[in-house]
Amino acid sequence: MRPVWVVGVSHTDFGVLKDIEAGALGARAAIDALADAGLTQRDIQVAYCGNATGGIGDPQANVLGQIALRQAGIAGIPVMRVENACSSGSCAFRESYMAVGSGMYDVALALGVEKMTGLGRDQTFDLLRRGSDTTLEGLMGITFPGVFAMAAVRHMAQFGTTREQIARVAVKNHRNAVRNPHAHFHKEISVADVLASPLVAEPLNLYDCCPTSDGAAAAILVGGAAARRLSRRAVRVAASVLASGTYENPDLVSFQASVRGAREAYERAGVSPGDVDLAEVHDCFTIAEIIHYEDLGLCAKGEGGGLIDSGATEIGGPIPVNPSGGLKAKGHPVGATGISQIYEVVTQLRGEAGERQVQGARVGLTHCMGGFINGDGASCAINILIKGVGH
Amino acid sequence: MATGAVLNSKWFLSDDLRLGVYTLAGGKCGSCGGLWFPVRMACPSCGGTLITEVPLSDSGRLYTFTWIHAGFQAFGPPYAIGYVDLPEGLRVFSLIKPGSRDLRVGMPVKMIIEPLNAEDGRLTYKFAPAEES
(Lines give C-alpha, C1' and ligand atoms only; values in the text may rest on other atoms or scores of the structure.)
Protein backbone atom coordinates (compact mmCIF):
# COMPACT_ATOMS: atom_id res chain seq x y z
CA MET A 1 0.00 0.00 0.00
CA ARG A 2 1.28 3.47 -0.82
CA PRO A 3 0.97 6.22 1.83
CA VAL A 4 -2.53 7.57 2.45
CA TRP A 5 -3.27 10.92 4.11
CA VAL A 6 -6.38 12.45 5.62
CA VAL A 7 -6.48 16.04 4.37
CA GLY A 8 -10.02 17.09 5.25
CA VAL A 9 -12.56 16.24 7.95
CA SER A 10 -15.97 17.48 8.99
CA HIS A 11 -18.58 16.83 11.65
CA THR A 12 -22.19 17.94 12.01
CA ASP A 13 -23.87 18.45 15.34
CA PHE A 14 -24.91 15.11 16.84
CA GLY A 15 -28.27 14.90 18.56
CA VAL A 16 -31.93 14.91 17.66
CA LEU A 17 -31.83 16.75 14.37
CA LYS A 18 -35.30 17.48 13.10
CA ASP A 19 -36.27 18.68 9.64
CA ILE A 20 -33.23 17.35 7.84
CA GLU A 21 -33.18 14.02 6.08
CA ALA A 22 -30.23 11.64 5.88
CA GLY A 23 -29.21 12.71 2.37
CA ALA A 24 -29.00 16.39 3.29
CA LEU A 25 -27.09 15.57 6.47
CA GLY A 26 -24.57 13.62 4.46
CA ALA A 27 -24.28 16.38 1.88
CA ARG A 28 -23.55 18.90 4.63
CA ALA A 29 -20.69 16.75 5.91
CA ALA A 30 -19.30 16.17 2.42
CA ILE A 31 -19.33 19.87 1.53
CA ASP A 32 -17.69 20.83 4.83
CA ALA A 33 -14.97 18.19 4.43
CA LEU A 34 -14.16 19.47 0.95
CA ALA A 35 -13.85 23.01 2.31
CA ASP A 36 -11.58 21.77 5.09
CA ALA A 37 -9.40 19.96 2.55
CA GLY A 38 -9.29 22.90 0.17
CA LEU A 39 -10.62 20.61 -2.57
CA THR A 40 -13.69 20.79 -4.80
CA GLN A 41 -16.41 18.35 -5.82
CA ARG A 42 -14.58 17.53 -9.06
CA ASP A 43 -11.61 16.20 -7.07
CA ILE A 44 -13.48 13.29 -5.44
CA GLN A 45 -12.94 10.10 -7.43
CA VAL A 46 -14.64 7.50 -5.24
CA ALA A 47 -16.87 7.60 -2.17
CA TYR A 48 -18.05 5.20 0.53
CA CYS A 49 -21.02 5.97 2.74
CA GLY A 50 -21.33 4.27 6.12
CA ASN A 51 -24.96 3.87 7.16
CA ALA A 52 -26.64 1.15 9.21
CA THR A 53 -30.34 1.85 9.70
CA GLY A 54 -31.37 3.32 6.36
CA GLY A 55 -34.95 2.44 5.54
CA ILE A 56 -36.05 2.45 9.17
CA GLY A 57 -34.63 5.52 10.86
CA ASP A 58 -34.80 7.38 7.55
CA PRO A 59 -36.75 6.34 4.44
CA GLN A 60 -33.61 6.04 2.28
CA ALA A 61 -32.96 2.29 2.49
CA ASN A 62 -30.66 2.02 -0.48
CA VAL A 63 -28.12 4.13 -2.36
CA LEU A 64 -27.86 6.72 0.41
CA GLY A 65 -24.31 7.57 -0.68
CA GLN A 66 -25.47 8.62 -4.15
CA ILE A 67 -28.43 10.54 -2.69
CA ALA A 68 -26.20 12.50 -0.30
CA LEU A 69 -23.53 13.19 -2.88
CA ARG A 70 -26.08 14.34 -5.44
CA GLN A 71 -27.07 17.08 -3.00
CA ALA A 72 -23.41 17.94 -2.57
CA GLY A 73 -23.03 18.34 -6.31
CA ILE A 74 -21.25 15.02 -6.92
CA ALA A 75 -22.44 12.37 -9.37
CA GLY A 76 -21.08 9.80 -11.78
CA ILE A 77 -18.18 8.54 -9.65
CA PRO A 78 -18.20 5.10 -7.98
CA VAL A 79 -20.19 5.23 -4.75
CA MET A 80 -21.24 2.50 -2.35
CA ARG A 81 -23.08 2.27 0.94
CA VAL A 82 -21.17 0.31 3.56
CA GLU A 83 -22.85 -1.51 6.43
CA ASN A 84 -21.24 -3.31 9.35
CA ALA A 85 -23.67 -2.32 12.09
CA CYS A 86 -22.04 0.23 14.42
CA SER A 87 -18.69 0.08 12.61
CA SER A 88 -20.19 1.06 9.25
CA GLY A 89 -18.46 4.44 9.24
CA SER A 90 -15.07 2.97 10.12
CA CYS A 91 -15.53 0.43 7.35
CA ALA A 92 -16.36 3.21 4.89
CA PHE A 93 -13.10 4.83 5.97
CA ARG A 94 -11.21 1.57 5.46
CA GLU A 95 -12.69 1.08 2.00
CA SER A 96 -11.54 4.60 1.12
CA TYR A 97 -8.10 3.86 2.54
CA MET A 98 -7.78 0.71 0.43
CA ALA A 99 -9.09 2.45 -2.69
CA VAL A 100 -6.40 5.11 -2.41
CA GLY A 101 -3.64 2.97 -0.90
CA SER A 102 -3.95 0.44 -3.69
CA GLY A 103 -3.25 3.10 -6.25
CA MET A 104 -6.62 2.74 -7.93
CA TYR A 105 -7.75 6.24 -6.92
CA ASP A 106 -5.99 9.36 -5.66
CA VAL A 107 -8.84 11.06 -3.78
CA ALA A 108 -11.59 9.34 -1.79
CA LEU A 109 -14.44 10.59 0.37
CA ALA A 110 -15.45 8.56 3.42
CA LEU A 111 -18.88 9.60 4.65
CA GLY A 112 -20.90 8.41 7.63
CA VAL A 113 -24.55 9.30 8.10
CA GLU A 114 -27.36 8.23 10.38
CA LYS A 115 -30.87 9.45 11.06
CA MET A 116 -32.34 7.20 13.71
CA THR A 117 -34.07 9.25 16.38
CA GLY A 118 -37.82 9.66 16.57
CA LEU A 119 -38.58 5.92 16.58
CA GLY A 120 -40.67 4.17 19.22
CA ARG A 121 -38.78 2.19 21.84
CA ASP A 122 -39.64 -1.29 20.60
CA GLN A 123 -38.76 -0.14 17.09
CA THR A 124 -35.39 1.11 18.32
CA PHE A 125 -34.68 -2.16 20.12
CA ASP A 126 -35.70 -4.07 17.03
CA LEU A 127 -33.37 -1.94 14.96
CA LEU A 128 -30.44 -2.56 17.23
CA ARG A 129 -30.93 -6.28 17.69
CA ARG A 130 -30.53 -6.69 13.94
CA GLY A 131 -26.85 -6.64 14.77
CA SER A 132 -27.27 -9.87 16.75
CA ASP A 133 -27.90 -13.43 15.56
CA THR A 134 -31.56 -13.25 14.62
CA THR A 135 -31.81 -17.05 14.57
CA LEU A 136 -30.91 -17.48 18.22
CA GLU A 137 -30.45 -14.72 20.79
CA GLY A 138 -32.33 -12.33 18.51
CA LEU A 139 -35.40 -14.54 18.94
CA MET A 140 -35.03 -14.68 22.71
CA GLY A 141 -35.42 -11.04 23.64
CA ILE A 142 -31.76 -9.99 23.47
CA THR A 143 -30.99 -6.29 23.58
CA PHE A 144 -27.54 -4.74 23.21
CA PRO A 145 -27.66 -3.39 26.78
CA GLY A 146 -28.44 -6.99 27.75
CA VAL A 147 -25.25 -8.27 26.09
CA PHE A 148 -23.10 -5.72 27.89
CA ALA A 149 -24.93 -6.17 31.17
CA MET A 150 -23.95 -9.84 31.05
CA ALA A 151 -20.39 -8.72 30.28
CA ALA A 152 -20.47 -6.38 33.30
CA VAL A 153 -21.76 -9.12 35.62
CA ARG A 154 -18.94 -11.38 34.50
CA HIS A 155 -16.26 -8.65 34.68
CA MET A 156 -17.32 -7.79 38.22
CA ALA A 157 -17.46 -11.43 39.31
CA GLN A 158 -14.16 -12.38 37.71
CA PHE A 159 -12.00 -9.29 38.34
CA GLY A 160 -13.73 -7.45 41.15
CA THR A 161 -14.53 -4.48 38.92
CA THR A 162 -16.91 -2.25 40.84
CA ARG A 163 -20.15 -0.61 39.83
CA GLU A 164 -18.62 2.78 40.57
CA GLN A 165 -15.63 2.15 38.31
CA ILE A 166 -17.98 1.26 35.49
CA ALA A 167 -20.06 4.40 36.08
CA ARG A 168 -16.94 6.59 36.04
CA VAL A 169 -16.61 6.03 32.30
CA ALA A 170 -19.85 7.95 31.73
CA VAL A 171 -18.79 10.70 34.13
CA LYS A 172 -15.48 11.16 32.28
CA ASN A 173 -17.04 11.16 28.85
CA HIS A 174 -19.75 13.64 29.79
CA ARG A 175 -17.13 15.96 31.23
CA ASN A 176 -15.14 15.74 27.99
CA ALA A 177 -18.20 16.38 25.83
CA VAL A 178 -18.82 19.72 27.54
CA ARG A 179 -15.76 20.86 25.57
CA ASN A 180 -17.04 19.43 22.29
CA PRO A 181 -19.37 21.85 20.46
CA HIS A 182 -20.80 19.09 18.25
CA ALA A 183 -21.63 16.69 21.07
CA HIS A 184 -25.15 15.39 21.71
CA PHE A 185 -24.91 16.16 25.44
CA HIS A 186 -23.25 19.09 27.13
CA LYS A 187 -24.09 18.16 30.69
CA GLU A 188 -21.80 16.81 33.36
CA ILE A 189 -23.08 13.90 35.41
CA SER A 190 -21.89 12.21 38.60
CA VAL A 191 -21.53 8.57 39.61
CA ALA A 192 -24.61 9.08 41.79
CA ASP A 193 -26.55 10.33 38.77
CA VAL A 194 -25.59 7.20 36.83
CA LEU A 195 -26.66 4.85 39.62
CA ALA A 196 -29.92 6.74 40.15
CA SER A 197 -30.94 6.62 36.48
CA PRO A 198 -33.52 3.95 35.50
CA LEU A 199 -32.35 0.34 35.25
CA VAL A 200 -31.95 -0.85 31.67
CA ALA A 201 -30.35 -4.28 32.08
CA GLU A 202 -28.84 -5.05 35.48
CA PRO A 203 -26.41 -3.74 36.55
CA LEU A 204 -26.47 -1.12 33.80
CA ASN A 205 -28.58 2.00 34.19
CA LEU A 206 -29.73 4.45 31.55
CA TYR A 207 -26.67 6.65 31.93
CA ASP A 208 -24.41 3.68 31.27
CA CYS A 209 -25.84 3.50 27.74
CA CYS A 210 -25.05 5.67 24.75
CA PRO A 211 -27.99 7.49 23.18
CA THR A 212 -29.36 7.08 19.69
CA SER A 213 -28.48 10.18 17.71
CA ASP A 214 -28.67 11.77 14.28
CA GLY A 215 -25.56 13.10 12.62
CA ALA A 216 -22.94 12.87 9.89
CA ALA A 217 -19.19 13.16 9.51
CA ALA A 218 -16.81 12.96 6.57
CA ALA A 219 -13.14 12.52 5.81
CA ILE A 220 -11.15 13.01 2.62
CA LEU A 221 -8.22 10.71 1.94
CA VAL A 222 -5.54 11.28 -0.68
CA GLY A 223 -2.54 9.50 -2.10
CA GLY A 224 -0.30 9.48 -5.14
CA ALA A 225 -0.50 12.59 -7.31
CA ALA A 226 -2.97 14.25 -4.93
CA ALA A 227 -0.51 13.84 -2.07
CA ARG A 228 2.42 15.60 -3.75
CA ARG A 229 1.81 18.84 -1.88
CA LEU A 230 0.44 18.28 1.59
CA SER A 231 -0.24 20.95 4.18
CA ARG A 232 0.91 20.59 7.78
CA ARG A 233 -2.67 19.69 8.61
CA ALA A 234 -2.44 16.40 6.71
CA VAL A 235 -2.42 13.27 8.89
CA ARG A 236 -1.06 9.89 7.75
CA VAL A 237 -3.11 6.72 7.99
CA ALA A 238 -0.60 4.29 9.48
CA ALA A 239 -3.06 1.40 9.74
CA SER A 240 -6.70 0.69 8.86
CA VAL A 241 -7.74 -2.73 9.99
CA LEU A 242 -10.92 -4.78 10.22
CA ALA A 243 -11.43 -8.03 12.09
CA SER A 244 -14.41 -10.21 12.97
CA GLY A 245 -15.22 -12.18 16.09
CA THR A 246 -14.95 -15.89 16.74
CA TYR A 247 -18.29 -16.24 18.60
CA GLU A 248 -17.93 -19.70 20.17
CA ASN A 249 -18.27 -20.10 23.93
CA PRO A 250 -17.70 -16.36 24.53
CA ASP A 251 -16.15 -15.22 27.79
CA LEU A 252 -17.85 -11.81 27.58
CA VAL A 253 -14.90 -10.08 29.27
CA SER A 254 -12.95 -9.74 26.04
CA PHE A 255 -13.94 -9.27 22.41
CA GLN A 256 -11.94 -11.31 19.96
CA ALA A 257 -12.40 -8.89 17.07
CA SER A 258 -10.85 -6.09 19.15
CA VAL A 259 -7.93 -8.24 20.26
CA ARG A 260 -7.17 -9.45 16.74
CA GLY A 261 -7.74 -6.04 15.19
CA ALA A 262 -5.53 -4.28 17.70
CA ARG A 263 -2.69 -6.74 17.24
CA GLU A 264 -2.77 -6.30 13.48
CA ALA A 265 -3.15 -2.51 13.65
CA TYR A 266 -0.16 -2.05 15.98
CA GLU A 267 1.91 -4.31 13.76
CA ARG A 268 1.00 -2.52 10.55
CA ALA A 269 1.53 0.92 12.08
CA GLY A 270 4.77 -0.12 13.72
CA VAL A 271 3.67 1.18 17.12
CA SER A 272 2.90 -0.38 20.48
CA PRO A 273 0.05 0.46 22.87
CA GLY A 274 2.43 2.63 24.87
CA ASP A 275 3.00 4.88 21.83
CA VAL A 276 -0.67 5.82 21.55
CA ASP A 277 -1.27 9.41 22.66
CA LEU A 278 -5.07 9.26 22.52
CA ALA A 279 -7.77 6.78 21.61
CA GLU A 280 -11.39 7.11 20.55
CA VAL A 281 -13.04 3.82 21.46
CA HIS A 282 -16.45 2.23 21.16
CA ASP A 283 -18.11 3.05 24.48
CA CYS A 284 -21.59 1.97 23.44
CA PHE A 285 -21.92 1.13 27.16
CA THR A 286 -19.67 2.13 30.03
CA ILE A 287 -18.45 -1.42 30.67
CA ALA A 288 -17.44 -1.65 27.00
CA GLU A 289 -14.84 1.10 27.43
CA ILE A 290 -13.31 -0.75 30.37
CA ILE A 291 -13.07 -3.93 28.32
CA HIS A 292 -11.60 -2.01 25.38
CA TYR A 293 -8.80 -0.63 27.60
CA GLU A 294 -7.77 -4.22 28.18
CA ASP A 295 -8.33 -5.56 24.65
CA LEU A 296 -6.30 -2.67 23.19
CA GLY A 297 -3.42 -3.42 25.52
CA LEU A 298 -3.66 -0.16 27.46
CA CYS A 299 -3.66 -2.29 30.62
CA ALA A 300 -3.75 -5.98 31.51
CA LYS A 301 -6.93 -8.05 31.27
CA GLY A 302 -9.07 -7.37 34.32
CA GLU A 303 -7.39 -4.09 35.23
CA GLY A 304 -9.63 -1.74 33.25
CA GLY A 305 -11.48 -0.70 36.40
CA GLY A 306 -8.20 0.28 38.00
CA LEU A 307 -7.22 2.27 34.90
CA ILE A 308 -10.30 4.48 34.97
CA ASP A 309 -9.87 4.96 38.71
CA SER A 310 -6.28 6.12 38.24
CA GLY A 311 -7.35 9.01 36.00
CA ALA A 312 -4.96 7.80 33.30
CA THR A 313 -7.65 8.01 30.62
CA GLU A 314 -8.64 11.61 31.39
CA ILE A 315 -7.65 14.33 28.92
CA GLY A 316 -4.69 15.35 31.09
CA GLY A 317 -3.60 11.77 31.74
CA PRO A 318 -1.01 9.59 30.01
CA ILE A 319 -3.57 7.86 27.74
CA PRO A 320 -6.67 9.97 27.17
CA VAL A 321 -9.60 7.88 25.96
CA ASN A 322 -12.61 9.46 24.28
CA PRO A 323 -11.60 13.10 24.66
CA SER A 324 -14.52 13.85 22.32
CA GLY A 325 -17.01 12.53 24.85
CA GLY A 326 -17.24 9.13 23.17
CA LEU A 327 -20.42 7.46 22.03
CA LYS A 328 -21.90 8.06 25.45
CA ALA A 329 -21.86 11.85 25.47
CA LYS A 330 -20.89 12.86 21.93
CA GLY A 331 -23.69 10.65 20.64
CA HIS A 332 -23.92 7.60 18.41
CA PRO A 333 -25.47 8.13 14.99
CA VAL A 334 -24.49 4.61 14.09
CA GLY A 335 -23.09 5.02 10.56
CA ALA A 336 -21.38 8.31 11.39
CA THR A 337 -19.56 7.24 14.54
CA GLY A 338 -16.56 5.66 12.85
CA ILE A 339 -15.87 8.83 10.86
CA SER A 340 -16.59 10.98 13.91
CA GLN A 341 -13.74 9.19 15.69
CA ILE A 342 -11.46 9.95 12.74
CA TYR A 343 -12.53 13.61 12.93
CA GLU A 344 -11.59 13.74 16.60
CA VAL A 345 -8.20 12.10 16.19
CA VAL A 346 -7.31 14.23 13.16
CA THR A 347 -8.41 17.40 14.97
CA GLN A 348 -6.33 16.42 17.99
CA LEU A 349 -3.25 15.59 15.92
CA ARG A 350 -3.62 18.94 14.14
CA GLY A 351 -3.61 20.69 17.52
CA GLU A 352 -7.05 22.15 16.81
CA ALA A 353 -9.08 20.54 19.61
CA GLY A 354 -9.34 23.68 21.73
CA GLU A 355 -10.31 23.04 25.32
CA ARG A 356 -10.17 19.27 24.95
CA GLN A 357 -6.72 19.28 23.30
CA VAL A 358 -4.42 16.42 24.25
CA GLN A 359 -1.04 18.13 24.50
CA GLY A 360 1.61 16.90 22.09
CA ALA A 361 -0.68 14.36 20.43
CA ARG A 362 1.20 12.55 17.67
CA VAL A 363 -0.25 9.03 17.47
CA GLY A 364 -4.03 8.54 17.61
CA LEU A 365 -6.12 5.38 17.54
CA THR A 366 -9.78 4.87 16.65
CA HIS A 367 -11.59 1.69 17.69
CA CYS A 368 -15.12 0.96 16.56
CA MET A 369 -17.12 -2.26 16.90
CA GLY A 370 -20.27 -3.39 15.14
CA GLY A 371 -22.76 -6.15 15.77
CA PHE A 372 -22.78 -8.84 18.42
CA ILE A 373 -23.06 -12.53 17.61
CA ASN A 374 -23.36 -14.88 20.56
CA GLY A 375 -21.74 -12.48 23.00
CA ASP A 376 -18.74 -11.63 20.80
CA GLY A 377 -18.27 -8.53 18.67
CA ALA A 378 -19.05 -9.26 15.04
CA SER A 379 -16.68 -6.62 13.72
CA CYS A 380 -13.96 -4.32 14.97
CA ALA A 381 -12.33 -1.63 12.88
CA ILE A 382 -9.17 0.03 14.17
CA ASN A 383 -7.33 2.93 12.61
CA ILE A 384 -4.00 4.38 13.68
CA LEU A 385 -3.24 7.89 12.50
CA ILE A 386 0.13 9.58 12.86
CA LYS A 387 0.93 13.26 12.61
CA GLY A 388 3.70 14.58 10.47
CA VAL A 389 4.11 15.36 6.83
CA GLY A 390 6.93 13.55 5.10
CA HIS A 391 6.84 10.67 2.68
CA MET B 1 -45.00 -32.81 28.49
CA ALA B 2 -45.13 -29.75 26.25
CA THR B 3 -45.89 -30.49 22.63
CA GLY B 4 -46.24 -28.29 19.57
CA ALA B 5 -44.17 -26.30 17.09
CA VAL B 6 -40.64 -25.49 18.18
CA LEU B 7 -38.96 -22.12 17.75
CA ASN B 8 -36.00 -23.67 15.94
CA SER B 9 -35.91 -27.43 15.38
CA LYS B 10 -32.14 -27.26 14.75
CA TRP B 11 -31.62 -26.87 18.50
CA PHE B 12 -33.02 -30.32 19.26
CA LEU B 13 -32.10 -33.89 18.37
CA SER B 14 -34.27 -34.70 15.30
CA ASP B 15 -34.98 -38.32 16.26
CA ASP B 16 -36.14 -37.36 19.75
CA LEU B 17 -38.17 -34.46 18.38
CA ARG B 18 -40.12 -36.90 16.24
CA LEU B 19 -41.11 -38.67 19.48
CA GLY B 20 -42.09 -35.42 21.19
CA VAL B 21 -38.95 -35.43 23.33
CA TYR B 22 -36.79 -32.31 23.52
CA THR B 23 -33.07 -33.02 23.75
CA LEU B 24 -30.61 -30.20 23.17
CA ALA B 25 -28.49 -31.12 20.14
CA GLY B 26 -24.83 -30.34 19.58
CA GLY B 27 -23.02 -30.76 16.28
CA LYS B 28 -19.98 -33.01 16.41
CA CYS B 29 -17.37 -32.69 13.70
CA GLY B 30 -16.49 -36.01 12.07
CA SER B 31 -13.04 -34.72 11.13
CA CYS B 32 -11.67 -33.11 14.30
CA GLY B 33 -14.20 -34.10 16.97
CA GLY B 34 -15.07 -30.48 17.77
CA LEU B 35 -18.44 -29.92 19.41
CA TRP B 36 -20.62 -26.88 18.72
CA PHE B 37 -24.05 -25.53 19.61
CA PRO B 38 -26.18 -25.04 17.65
CA VAL B 39 -25.42 -27.64 14.98
CA ARG B 40 -23.97 -26.05 11.91
CA MET B 41 -23.05 -26.88 8.38
CA ALA B 42 -19.29 -26.69 8.75
CA CYS B 43 -16.96 -26.98 11.70
CA PRO B 44 -15.67 -23.61 13.01
CA SER B 45 -12.42 -25.28 13.97
CA CYS B 46 -11.41 -27.26 10.88
CA GLY B 47 -14.09 -26.45 8.30
CA GLY B 48 -15.14 -30.09 8.03
CA THR B 49 -18.67 -30.67 6.76
CA LEU B 50 -19.30 -34.16 8.21
CA ILE B 51 -21.31 -32.96 11.19
CA THR B 52 -23.50 -35.29 13.25
CA GLU B 53 -26.10 -34.44 15.87
CA VAL B 54 -25.23 -35.54 19.39
CA PRO B 55 -27.32 -35.17 22.55
CA LEU B 56 -26.21 -32.54 25.06
CA SER B 57 -26.72 -32.42 28.81
CA ASP B 58 -29.86 -30.84 30.13
CA SER B 59 -28.18 -29.21 33.10
CA GLY B 60 -25.23 -26.93 33.73
CA ARG B 61 -24.09 -23.83 35.60
CA LEU B 62 -24.97 -20.20 35.09
CA TYR B 63 -21.90 -18.42 33.66
CA THR B 64 -23.49 -14.97 33.59
CA PHE B 65 -26.93 -13.40 33.40
CA THR B 66 -28.84 -10.15 33.49
CA TRP B 67 -32.36 -8.89 34.11
CA ILE B 68 -33.57 -6.89 31.14
CA HIS B 69 -35.80 -4.03 32.25
CA ALA B 70 -35.91 -2.00 29.02
CA GLY B 71 -36.80 -4.81 26.68
CA PHE B 72 -39.41 -6.30 24.41
CA GLN B 73 -42.92 -6.15 25.86
CA ALA B 74 -43.76 -9.68 24.68
CA PHE B 75 -41.29 -11.12 27.20
CA GLY B 76 -42.85 -9.20 30.07
CA PRO B 77 -39.91 -7.16 31.35
CA PRO B 78 -38.08 -7.50 33.54
CA TYR B 79 -36.96 -10.85 32.13
CA ALA B 80 -33.72 -12.75 32.56
CA ILE B 81 -31.23 -13.99 29.96
CA GLY B 82 -27.87 -15.61 30.47
CA TYR B 83 -25.20 -18.03 29.37
CA VAL B 84 -25.18 -21.60 30.68
CA ASP B 85 -22.05 -23.74 30.84
CA LEU B 86 -22.82 -27.35 29.94
CA PRO B 87 -20.50 -30.14 31.15
CA GLU B 88 -19.52 -30.83 27.53
CA GLY B 89 -17.60 -27.54 27.56
CA LEU B 90 -20.22 -25.56 25.66
CA ARG B 91 -21.52 -22.15 26.70
CA VAL B 92 -25.12 -21.73 25.58
CA PHE B 93 -27.27 -18.58 25.41
CA SER B 94 -30.70 -18.93 27.01
CA LEU B 95 -33.69 -17.25 28.54
CA ILE B 96 -33.60 -17.90 32.28
CA LYS B 97 -36.71 -18.67 34.35
CA PRO B 98 -35.73 -17.96 37.95
CA GLY B 99 -39.14 -18.54 39.49
CA SER B 100 -38.79 -17.24 43.02
CA ARG B 101 -35.04 -17.76 43.19
CA ASP B 102 -32.31 -15.13 43.14
CA LEU B 103 -29.93 -15.66 40.27
CA ARG B 104 -26.22 -15.87 40.91
CA VAL B 105 -23.18 -16.63 38.83
CA GLY B 106 -22.22 -20.29 39.17
CA MET B 107 -25.61 -21.59 40.28
CA PRO B 108 -26.75 -24.98 38.91
CA VAL B 109 -29.49 -24.71 36.31
CA LYS B 110 -31.67 -27.22 34.46
CA MET B 111 -33.26 -27.08 31.03
CA ILE B 112 -37.01 -26.65 30.69
CA ILE B 113 -39.21 -26.47 27.61
CA GLU B 114 -41.92 -23.88 27.34
CA PRO B 115 -43.47 -21.32 24.97
CA LEU B 116 -41.18 -18.46 23.98
CA ASN B 117 -43.32 -15.68 25.43
CA ALA B 118 -46.85 -14.38 25.86
CA GLU B 119 -47.21 -13.63 22.16
CA ASP B 120 -45.34 -16.52 20.59
CA GLY B 121 -46.32 -20.01 21.73
CA ARG B 122 -43.55 -21.84 19.87
CA LEU B 123 -41.56 -24.04 22.21
CA THR B 124 -38.00 -23.28 23.15
CA TYR B 125 -35.42 -24.38 25.68
CA LYS B 126 -34.89 -22.19 28.72
CA PHE B 127 -32.93 -22.79 31.90
CA ALA B 128 -34.16 -22.60 35.46
CA PRO B 129 -32.37 -22.88 38.81
CA ALA B 130 -31.90 -26.50 39.92
CA GLU B 131 -31.37 -27.84 43.41
CA GLU B 132 -27.73 -28.09 44.49
CA SER B 133 -26.65 -31.73 44.27
Side-chain angles (χ1 to χ4, degrees), chain A residues 120-129 132-159 197-209 212 244-253 256 285 287 372-376, chain B residues 6-11 26-27 34-40 43-45 62-86 88-97 102-107 116-120 122-127:
Chain A
R121 204 180 68 175
D122 260 29
Q123 240 187 323
T124 303
F125 285 146
D126 193 53
L127 205 81
L128 296 173
R129 74 159 163 197
S132 70
D133 185 344
T134 57
T135 68
L136 204 143
E137 65 263 24
L139 288 172
M140 295 184 181
I142 193 76
T143 62
F144 274 1
V147 175
F148 286 89
M150 289 192 289
V153 165
R154 200 56 219 180
H155 210 273
M156 293 165 81
Q158 211 170 313
F159 304 118
S197 61
L199 268 174
V200 170
E202 296 181 32
L204 300 180
N205 299 75
L206 184 63
Y207 289 178
D208 288 287
C209 310
T212 55
S244 296
T246 49
Y247 329 121
E248 310 302 332
N249 306 315
D251 62 18
L252 289 153
V253 295
Q256 296 313 304
F285 302 94
I287 180 63
F372 264 80
I373 299 172
N374 198 36
D376 193 20
Chain B
V6 290
L7 192 55
N8 192 331
S9 55
K10 256 191 352 196
W11 300 338
L35 185 66
W36 314 99
F37 177 83
V39 176
R40 44 217 105 126
C43 176
S45 188
L62 198 55
Y63 177 75
T64 187
F65 66 94
T66 185
W67 282 96
I68 292 184
H69 289 253
F72 297 95
Q73 291 310 307
F75 290 93
Y79 54 93
I81 55 170
Y83 276 90
V84 173
D85 280 350
L86 299 179
E88 289 90 351
L90 291 177
R91 185 163 291 153
V92 173
F93 179 85
S94 179
L95 280 157
I96 309 292
K97 293 304 291 290
D102 282 335
L103 297 178
R104 56 182 170 72
V105 168
M107 80 189 309
L116 178 65
N117 61 37
E119 288 172 22
D120 189 336
R122 289 177 294 172
L123 300 174
T124 181
Y125 69 87
K126 300 180 186 177
F127 279 85

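In the text below, chain A, chain B and the rest are named by the order of the sequence lines, each starting its count at 1.
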Test: B:Arg91 cationic atom under 6.0 Å from B:Tyr63 six-membered ring centre, within 45° of axis: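 So B:Arg91 does make the cation-pi contact.
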
Donor-acceptor contact present, side-chain B:Tyr79 to main-chain B:Ile96, <3.5 Å: no

Backbone of A:Thr246 reached by a side-chain donor or acceptor of A:Asp376 within 3.5 Å: yes

Interface moiety of B:Ser94 toward chain A, non-hydrogen atoms closer than 4.5 Å: backbone

Atom group of B:Leu116 that falls short of 4.5 Å from chain A, counting heavy atoms: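 Just the side chain, heavy atoms under 4.5 Å.
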
Identified ring-ring contact (aromatic ring centres under 6.0 Å, His included) counterpart of B:Phe93 within the set B:Phe65, B:Tyr83, B:Phe37: B:Tyr83

Which bit of [X] is near chain B, if near means a heavy-atom gap under 4.5 Å: side chain, backbone, both or neither?
{"X": "A:Glu248", "answer": "side chain"}
{"X": "A:Ile142", "answer": "both"}
{"X": "A:Gln158", "answer": "side chain"}

Validation row, ring centre A:Phe148 to ring centre A:Phe372 under 6.0 Å: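 Centroid separation for A:Phe148 and A:Phe372: below 6.0 Å.
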
Trace of the side-chain contact (heavy atoms from CB on, under 4.5 Å) decision for B:Ser45 with B:Trp36: CA-CA 10 Å; B:Ser45 188; B:Trp36 314 99; 3.6 Å; yes

Pick from [options]: which one has the most heavy-atom pairs with chain B under 4.5 Å?
{"options": "A:Pro145, A:Ala157, A:Ala149, A:Pro250", "result": "A:Pro250"}
{"options": "A:Val147, A:Leu199, A:Leu252", "result": "A:Leu199"}
{"options": "A:Val153, A:Leu136, A:Thr135", "result": "A:Leu136"}

Separation of B:Met107 CE from B:Phe127 CZ (nearest 0.5 Å): 13.5 Å

Chain A interface, residue from B:Leu7, B:Asp120, B:Ile81 that has the most non-hydrogen pairs under 4.5 Å: B:Ile81

